[in-house]
Amino acid sequence: MKLSEILKNGIFDENPVLVQLVGLCSVLAVSTSFINGLSMGLAVIFVLCCSNIVVSLLRKVIPDTIRIPAFIVVIATFVTILEMFLNAYLESVYKALGIFLPLIVVNCTILARAESFASKNKLIPSLVDGLGMGLGFTLTLSILGAVRELLGKGTLLSGTAAEINVFGEGFQAAGIWVAPPGAFILLGIFIAVFNVIMKKRKAKAAE
Amino acid sequence: MKLFTILVSTILVNNYVFARFLGICPFLGVSTKMETATGMGFAVTFVITLASAITYFIQHAILDPLGIGYLQTLIFILVIASLVQFIELFIRKTSPGLYNAMGVYLPLITTNCVVLGVTILNIQEKYTFIEAITSGFGASLGFFLALILLSGVREKLELADVPEALKGVPIALISAGLMSIAFSGFSGLV
Amino acid sequence: MKETLKLGITLLVITAVAAGVLAFSNSITEPIIAEREKQERFGALYNIYPDAEEFLEVDEAKLKEVQSTYPNITEIIEIVSGGSTIGYAFNGSAGGYGGPVNVLTGISVADNTVAGISIGSHSETPNLGDRIEDPSFTDTYKGKTTTEKLVAVASPSADNEVQLISGATISSFAVLTAVNEANEAYLVYFTELDVEPPVEETEEEKEARFMSELFADADEFTPIDEGLLESIIAENIFVREIFEAKAGGEVIGYIFKTISGGYGGELPVMTGISLDGTITGIRVGANSETPGLGTKIEEPDFQDSFVGKATEEELVAVPSPAAENEVQLISGATVSTDGVLYGVNGAREAFLAIISQ
């Protein structure tokens with residue numbers, strides 16, 4: 001596949017969240033605001049790319065029978081490094097991601113990409129695949145976060161200095177959108193909408 | 001008494017699926033049929049309870065005394081992966097029928113966020129050994145409960161007249177959202 | 001076998017390399033994290049005691065002693081400045097809406113007042129309960145007394161009044177409880193003041209204490225004759241039990257236990273009436289009235305307004321009680337007040353029924 005195709009694949013056709021339906025735990029929990037969604041997305045991109053790079057580099061070296069545990073070790077290592085550095089240098093992000101930071105280890109996307117792509121492809125394509133999947137994840141997560149934040153708190157970019165009260169100071173938002181139920185419902189709607197859009201695109205492409 | 005509080009909290013008030021967002025992937029993947037849901041529920045309960053015990057020992061006997069707490073994520077996930085591997089072999093030997101029925105879902109327990117999540121939370125909440133096992137057991141029961149509830153609903157949804165775009169996962173998620181609202185009514189219990 | 005061994009070793013090597021990489025990153029990041037955590041702990045303390053020079057952990061034995069009475073206090077820190085102790089800070093917690101609320105209470109040794117408080121970790125509702133973190137809330141604790149129990153009100157002004165956030169009463173009360181506990185622990189264990197640590201009372205012990213308070217001269221309380229009690233209960237829906245208060249074998253009055261309905265549920269009320277027909281006092285038992293509002297029926301200001309009142313006429317509640325049949329009305333808690341009144345009036349009627357015998 002061409003590199004640009006690999007990239008687009010991760011964002012649209014095989015979008016980890018909306019199509020493959022993996023890593024949903026983090027998606028639901030961390031999409032409480034745009035910044036939180038973005039932070040988690042960037043964290044996943046980091047781990048995904050690093051892991052894909054290492055797995056691709058070592059693909060001829062790791063014996064087949066123990067490949068899954070080996071991948072897990074690689075992923076867990078990068079996640080731990082990320083945890084340490086976030087805790088030291090970006091404490092607010094570390095706290096915002098909470099337990100979902102170590103849980104990146106069990107984000108099915110990363111293991112799946114290592115298994116189905118990076119272990120079978122060269123370095124550059126693997127890196128681009130990681131980037132594509134990561135971007136798909138990040139975009140979805142950030143947009144979902146922005147919507148939940150808007151509906152649930154009436155703000156955008158909350159948690160940063162640039163926080164905007166979109167509906168004005170006195171707006172009483174419906175807190176349910178930033179709570180668990182809102183996450184489930186909005187994600188369901190997102191997936192439905194995405195499916196409709198993708199169907200239309202495919203129909204147009206087929207003409 | 002604290003054990004009871006932990007149980008009620010993990011099963012109802014802070015249900016791992018509806019309140020803590022853990023175990024969503026298998027939650028959606030396995031809840032299409034009551035049968036697979038039950039099988040998964042049992043397997044997860046066994047793995048989590050055992051993992052809670054083992055990881056407790058590892059944290060307190062190895063990681064803490066040696067000051068290598070940062071290896072927690074790595075070691076815990078390896079323990080869990082090994083446990084699942086071991087159980088898979090065990091079930092394959094003793095009950096091939098069950099092994100076939102569970103199929104691909106067994107290895108998926110490794111990536112079930114609930115398992116790793118519970119083991120890490122047990123340490124964070126500074127539970128004692130018995131409390132850790134109780135919390136693990138309660139978490140899996142809560143997961144089991146969520147699984148059964150949603151699969152019951154989804155079996156009915158299969159026969160309902162759902163708009164095309166919402167069929168499958170979207171409507172399942174929305175149903176889960178409504179259940180989550182219901183479960184949030186438990187807050188204030190403990 | 002050799003194959004398995006080779007695989008095992010390969011995995012071990014991979015894990016060992018991983019562990020090595022992690023040990024390296026740990027060595028870089030750990031000192032930074034440790035330093036920051038220390039800043040966090042002491043940052044809050046510096047906010048409360050800007051002149052502080054040293055923070056010392058109170059010794060283990062003393063901490064354990066305090067914890068035996070106040071188990072929710074996890075840490076006590078001595079604040080030193082210019083060579084002398086200027087304050088003590090207590091890290092404690094109380095149950096809030098979404099879980100425990102951690103509160104750091106700093107007390108000034110100089111005048112036994114609250115130097116300031118700092119809210120730690122909690123799980124209160126965003127934009128509602130988490131307003132307890134706002135300075136507009138925490139500042140109302142500064143300079144307040146420790147020798148009196150603090151109360152939370154909408155517009156705090158007195159020395160013992162602090163902020164109550166409307167719509168976030170449970171969160172506000174969590175902080176109040178934690179601070180009151182810290183204050184008490186301070187008075188009991190760190191001052192020479194004669195403050196008794198609270199004794200855990202059973203309901204029976206509490207009732208016995210109430211009875212002695214209503215009739216200080218009595219040495220005996222005996223239930224009245226069964227038949228008489230039954231005939232009174234038949235006419236009176238609130239009365240449950242009646243006791244004779246005796247001093248030296250002579251009856252000096254009666255105690256009536258009634259149960260009426262309040263705002264949040266049942267209201268048990270105890271009324272003491274002396275032989276000459278005046279009320280010696282009332283006590284309200286375990287209830288579910290709204291904290292900070294309906295629960296004002298437990299306070300002396302309300303209960304004292306019953307003392308010395310007559311029993312010939314029905315008692316009524318008014319904002320400024322003056323006449324012999326007027327008692328205090330708690331504004332904003334009329335249902336609770338009425339509940340108490342039903343009980344006391346019931347006691348009154350039962351008394352009249354007894355002396356007409």
Side-chain angles (χ1 to χ4, degrees), chain A residues 18-31 66 68-84 87 98-112 176-177 179-197 199, chain B residues 14-29 70-78 80-82 84-85 107-121 124 162-184 187:
Chain A
L18 301 171
V19 177
Q20 295 185 53
L21 302 173
V22 288
L24 294 180
C25 314
S26 335
V27 171
L28 290 166
V30 182
S31 56
I66 53 160
I68 301 285
F71 296 162
I72 293 181
V73 169
V74 172
I75 299 172
T77 307
F78 282 115
V79 170
T80 311
I81 293 179
L82 184 65
E83 268 184 279
M84 286 181 194
N87 193 3
I99 191 158
F100 289 93
L101 198 41
L103 285 183
I104 294 179
V105 175
V106 285
N107 184 323
C108 319
T109 319
I110 309 185
L111 191 59
I176 194 162
W177 298 112
F184 281 110
I185 297 178
L186 270 179
L187 184 62
I189 297 179
F190 256 57
I191 296 179
V193 168
F194 187 77
N195 284 344
V196 168
I197 296 180
K199 248 205 199 134
Chain B
N14 289 318
N15 182 292
Y16 270 75
V17 176
F18 292 125
R20 298 209 226 215
F21 294 121
L22 296 181
I24 305 291
C25 305
F27 179 58
L28 287 177
Y70 54 85
L71 288 183
Q72 185 189 71
T73 311
L74 183 56
I75 302 288
F76 279 20
I77 190 66
L78 282 178
I80 293 170
S82 320
V84 173
Q85 189 73 17
L108 279 183
I109 298 179
T110 312
T111 50
N112 184 332
C113 331
V114 194
V115 191
L116 185 61
V118 171
T119 53
I120 295 183
L121 281 172
Q124 277 184 5
V162 178
E164 190 63 39
L166 289 175
K167 273 206 182 118
V169 174
I171 195 70
L173 278 172
I174 297 181
S175 318
L178 294 172
M179 277 191 214
S180 170
I181 297 181
F183 266 73
S184 67
S187 79

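So you know, we letter chains A, B, ... as the sequences are listed, proteins then strands, and number each from 1.
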Legend entry - B:F76 side chain reached by B:V115 side chain, heavy atoms, under 4.5 Å: no
Legend entry - Closest non-hydrogen atom pair between A:G188 and B:I174, with its separation: CA-CG1, 4.4 Å
Inset, instruction - Return the option, out of B:L116, B:I80, B:I75, with the maximum number of heavy-atom pairs under 4.5 Å with chain A. - result: B:L116
Legend entry - Side chain / backbone / both / neither for A:V73 at chain B, heavy atoms under 4.5 Å: both
Legend entry - Part of B:L78 within contact of chain A (heavy atom distance under 4.5 Å): side chain
Legend entry - Side-chain touch A:V19/A:F194, heavy atoms, less than 4.5 angstrom: yes
Inset, instruction - Please identify each residue that fulfils salt bridge (charged side-chain N to carboxylate O under 4.0 Å, His left out) with B:K167, with sequence neighbours left out. - result: B:E164
Legend entry - Side chain, backbone, both or neither of A:L111 within contact of chain B (heavy atoms, under 4.5 Å): side chain
Enumerate donor-acceptor pairs with a distance under 3.5 Å from any side-chain N or O in residues 98-109 of chain A to protein atoms, sequence neighbours excluded.
{"from": "A:N107", "atom 1": "OD1", "to": "A:T109", "atom 2": "N", "distance (Å)": "3.0"}
{"from": "A:N107", "atom 1": "OD1", "to": "A:T109", "atom 2": "OG1", "distance (Å)": "2.7"}

Legend entry - Sub-4.5 Å side-chain heavy-atom contact between A:F78 and A:L82: no
Inset, instruction - Sort out for me which of B:S175, B:P170, B:A172 touches chain A most, counting heavy-atom pairs under 4.5 Å. - result: B:P170
Legend entry - Under 4.5 Å from any heavy atom of chain A - which part of B:A81: side chain
Legend entry - Top of A:I72, A:L28, A:I185 for chain B proximity - count of heavy-atom pairs under 4.5 angstrom: A:L28
